[in-house]
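Numbers here simply count residues along the sequence, with the first being 1.
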Amino acid sequence: MIVQFSIHSSSTCLFQMAVWWCVLFPLFFLTLSCVYPCCASTPGLLQAYSYSLKSTRCTHARVQQLLMRYKEELLDDKQFEDRALGLQTLPSLSTDFYHWLQMKDWERLSAASQALHTFWAHLDMKRKEMEVDKVEQRAAHWMGTRGKDKIPIAQSIHRIQTDLRDLMTKVNFQLMCVNSSSVSPTSPPALTRPVSPSSSHQASSKSLWNSRLEGYVILRDLERYLTKLARDFILLKTKHSGPPGTQPSGR
């Protein structure tokens, strides 16, 4: 009798657990869809890609404006252009079109995350160099006397870095949604090349012109890369939008 009672109790408990599981399991995913919409549905991913595309375009516009100002104030030529210049430590901008089309979503987002980290690190290194460059500060002051006061270029670079960090957060979160990646959206980017006190002393012996050309290359390639990144998000949106009749409203 006791054994029968135990079995009956066990069956009752299992039945109650099954009922609670049927109730709580859908609620769990409903909560996920509210907190992390991009992980829960294709429309959520589509919205996330739309936000990233908007952020990319806004950042591109700011970089473009800063590049024009950089050339005018530090290179004394607003129309300066030298495509022969480059830095091997920057991401490559050349892409095979067929390979680009065939990339998986996680590959595309992973490459974007790494490239944004690299540009952030280069900007950080250049900004720190400029903050101790008295010539740049005098140039900014001189330009300010010709009109309204301007924000120092080093400070403008810092603002671009903030934009890039925000964009990295979006990309890394989408990467986790797509591939359950362990990349942390808030982890600070690592420098792509070491910056030591000795290299800082070497920078002082390096010609000021070469240092400024290096900053020009970083901003120029970043501006071109953001154009490419915008195309990536347009492609991701197109892949997840589905047929025209099934596109979610309010986009």
[X] [atom1] to [Y] [atom2] distance, which is reported to the nearest 0.5 Å:
X	Y	atom1	atom2	answer
L67	R224	CG	CZ	11.0 Å
L45	L236	CG	CG	9.0 Å
I157	L219	CD1	CG	5.5 Å
R57	Q64	CZ	CD	13.0 Å
I160	L226	CD1	CG	8.5 Å
K170	T56	NZ	OG1	8.5 Å

Exercise. Can a salt bridge be assigned to the pair R127 and D124 using a cut-off of 4.0 Å between side-chain N and carboxylate O?
Worked result: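 Yes, R127 and D124 are salt-bridged.
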
Problem set entry | Note: E129-K126 ion pair, threshold 4.0 Å (strictly below) |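 Yes, charged N to carboxylate O under 4.0 Å.
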
Can you name the nearest heavy-atom pair linking [X] to [Y], along with the distance?
X	Y	value
S52	L167	O-CD1, 3.8 Å
R83	R220	CA-NH1, 3.7 Å
A230	L53	O-CD1, 3.5 Å
T118	P91	CG2-CD, 3.8 Å
Q79	K71	C-NZ, 4.5 Å
S156	R69	OG-NH1, 3.3 Å

Exercise. If only atom types and distance count, is the side chain of H99 paired as donor or acceptor with the main-chain N or O of T95 below 3.5 Å?
Worked result: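 Checking the backbone N and O of T95 against the side chain of H99, no donor-acceptor pair under 3.5 Å is found.
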
For this session: Give a yes or no answer on whether the side chain of T238 reaches the backbone of I234 with a donor-acceptor pair at less than 3.5 Å.
Result: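 Yes, the answer is positive, given that a donor and an acceptor are paired below the 3.5 Å cut-off.
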
For this session: Carefully, step by step, assess R108 and L235 under the rule side-chain contact (heavy atoms from CB on, under 4.5 Å).
Result: CA-CA 10 Å; R108 197 178 305 278; L235 180 60; 3.4 Å; yes

Problem set entry | No-hydrogen, no-angle side-chain donor-acceptor test under 3.5 Å, T169 and D166 |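 Side chains of T169 and D166: no pair found under 3.5 Å.
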
For this session: Could I get the full list of salt bridge (charged side-chain N to carboxylate O under 4.0 Å, His left out) partners for K228, not counting sequence neighbours?
Result: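 Salt bridge (charged side-chain N to carboxylate O under 4.0 Å, His left out) check on K228 returns D232.
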
Within the 4.5 Å heavy-atom criterion, are [X] and [Y] side-chain neighbours or not?
X	Y	value
L116	L229	yes
W100	R231	yes
L213	N210	yes

Problem set entry | Criterion side-chain contact (heavy atoms from CB on, under 4.5 Å) on K104 and V178, from CA distance to verdict | CA-CA 10 Å; K104 299 183 185 300; V178 169; over 6 Å; no

With clusters defined by side-chain heavy atoms of hydrophobic residues (ILVMFWY) lying less than 4.5 Å apart, directly or transitively, does [Y] cluster with [X]?
X	Y	answer
M103	Y49	no
W209	I153	yes
M68	I218	no
F233	Y51	no
L85	L74	yes

For this session: Would you please name every residue forming a side chain to side chain donor-acceptor pair (under 3.5 Å) with R62, sequence neighbours left out?
Result: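 Side chain to side chain donor-acceptor pair (under 3.5 Å) list for R62, sorted by chain: D163.
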
Problem set entry | Evaluation steps, side-chain contact (heavy atoms from CB on, under 4.5 Å), between Y225 and L90 | CA-CA 10 Å; Y225 173 75; L90 289 175; over 6 Å; no

For this session: Assert yes or no for the condition that the ring centre distance of Y216 to Y70 is strictly below 6.0 Å.
Result: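 Judged by ring-centre distance (under 6.0 Å), Y216 and Y70 do not meet the cut-off.
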
